[in-house]
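For reference, the structure is listed below as C-alpha cells.
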Amino acid sequence: MRIGEANFELPFSSAVRNPQPAMFMTRVLKPIVFVASLGPAAWLIWAALTGNLSANPLSDLTNETGVWTLRFLCITLAITPLRRLSGWNAVIKFRRMAGLFAFFYGTLHFLTYVIADRFAGLDFPDGFVAWSTVRHLAKSVGEDIYKRPFITVGFTAWSTLVPLAATSTVGMIRRLGGKRWNQLHRLVYATACLGVLHYWWLVKADVRRPITYGAVVAALLAFRIYKARARAAAPAPAR
Ligand code: HEM
C-alpha cells in the first residue's frame with residue numbers, strides 16, 4: 001500500500017470508492033484548506049503594509065515565515081500517523097498540499113533572509129539593477145552559508161525540499177516509480193530534523209519553542225520507526 005500512499009491522487013482511498021465524500025473532499029475541503037494555508041502569508045503582507053509588525057519588520061517576516069515552514073513540515077509528517085490512527089484514509093489527499101506549503105513558506109523565508117539580511121547590507125556601486133549587484137549578493141549569501149553554522153543547516157534543510165517539491169506531481173511519481181519516489185521522499189525526515197536544529201541553534205536564550213518542535217518531530221518519526229518494526233516483525237502472509 002506504499003504506492004497508494006505516495007500516489008494519493010490515484011483512486012486508492014475509501015473516499016474515492018464512495019463518490020459523495022470524494023466530491024466533498026475535492027470540491028469543498030481542499031479549496032478551504034488551500035485558502036487557510038495562504039492565511040499566514042496574507043496576514044504578513046497585510047501587517048507589513050499597514051505597519052502592524054514590530055520595530056524590526058524584516059526580522060518579523062523572516063521569523064514568521066521560518067516558523068510556518070516548520071509548522072507545515074510537522075503537519076506533513078502528521079498526516080500518515082493521523083491516517084493510521086483514525087482510519088481516515090482520504091486525509092492523505094492533503095499531504096502533498098501541506099508539503100508544498102512547507103516549500104512555499106521555506107522559499108519565502110529564504111527570500112526574506114536574502115533581502116533583509118544580505119541585500120540590505122550591500123553597497124551598490126553600479127546601482128540596484130546591475131550584474132555587479134547580483135554577483136555581490138550571491139557572494140554575500142554564499143559566504144554567510146559557509147560562515148554561520150545555523151545558516152548552513154537552514155540552507156541544507158531548504159535544499160532538501162527542492163527535489164521533494166520538484167517530484168511532487170503525479171507524472172513524477174509515475175516516472176520515478178513508487179519505490180524510488182518513497183525512498184526520495186524520506187528526505188523530508190532530514191528536512192524536519194535540520195529545521196529543528198537550525199531553530200535551536202539560532203535561539204539565544206529561551207529554547208522552549210525549538211524543544212517543543214523537536215519533541216513533535218521526534219514523536220512523529222518515532223511513530224514511523226515503531227510501525228516499520230511492527231511490519232518487519234509480523235509473520236509473512238501465507239501464499
Ligand atoms: C526548511 C528550512 C527552514 C526552516 C524550517 C527554518 C525555520 C526557522 C525558524 C523556526 C526560525 C526562528 C523563528 C523565530 O525565532 O520565531 C528561523 C529564523 C531564521 N532563519 Fe530559518 N529556516 C529554514 C531555512 C532557512 C534558510 C534557507 C535560511 C537562510 C539561508 C534561514 C535563515 C534564517 C534567519 C536569518 C533567521 C532569523 C535569525 C535571527 O532571528 O537572528 N532559514 N528559521
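Keep in mind that this is a model prediction, so the values were computed, not measured. Whatever order the structure lists ligands and atoms in, that order sets their numbers, starting from 1.
A donor and an acceptor atom, one from each side chain of T167 and H185, are located under 3.5 Å apart. Under 3.5 Å, the side chains of T76 and R95 contain no donor-acceptor pair of N or O atoms.
Among protein heavy atoms, the minimum distance from atom 13 (C) of ligand 1 is reached at N63 O, 3.4 Å. Looking from atom 41 (O) of ligand 1 to the surrounding protein, the closest heavy atom is K204 NZ, 4.2 Å.
If you look at atom 21 (Fe) of ligand 1, the protein N, O or S atoms less than 2.8 Å from it are H109 NE2, H198 NE2.
The two residues G66 and H109 have their closest heavy-atom pair at N-ND1, 3.2 Å. Scanning both residues, L161 and L73, for their nearest heavy atoms gives CD2-CD2, 4.0 Å. Among all heavy-atom pairs drawn from G106 and T69, the shortest one is N-OG1, 3.1 Å.
Using the six-membered ring where Trp is involved, F72 and Y105 have ring planes that are parallel, under 30° apart on the 30 and 60° scheme.
To the nearest 0.5 Å, atoms CH2 (W43) and CH2 (W68) are separated by 11.0 Å.
The contact set between ligand 1 and I151, taken as ligand atoms under 4.0 Å from a residue heavy atom, comprises 30 (C), 32 (C), 35 (C).
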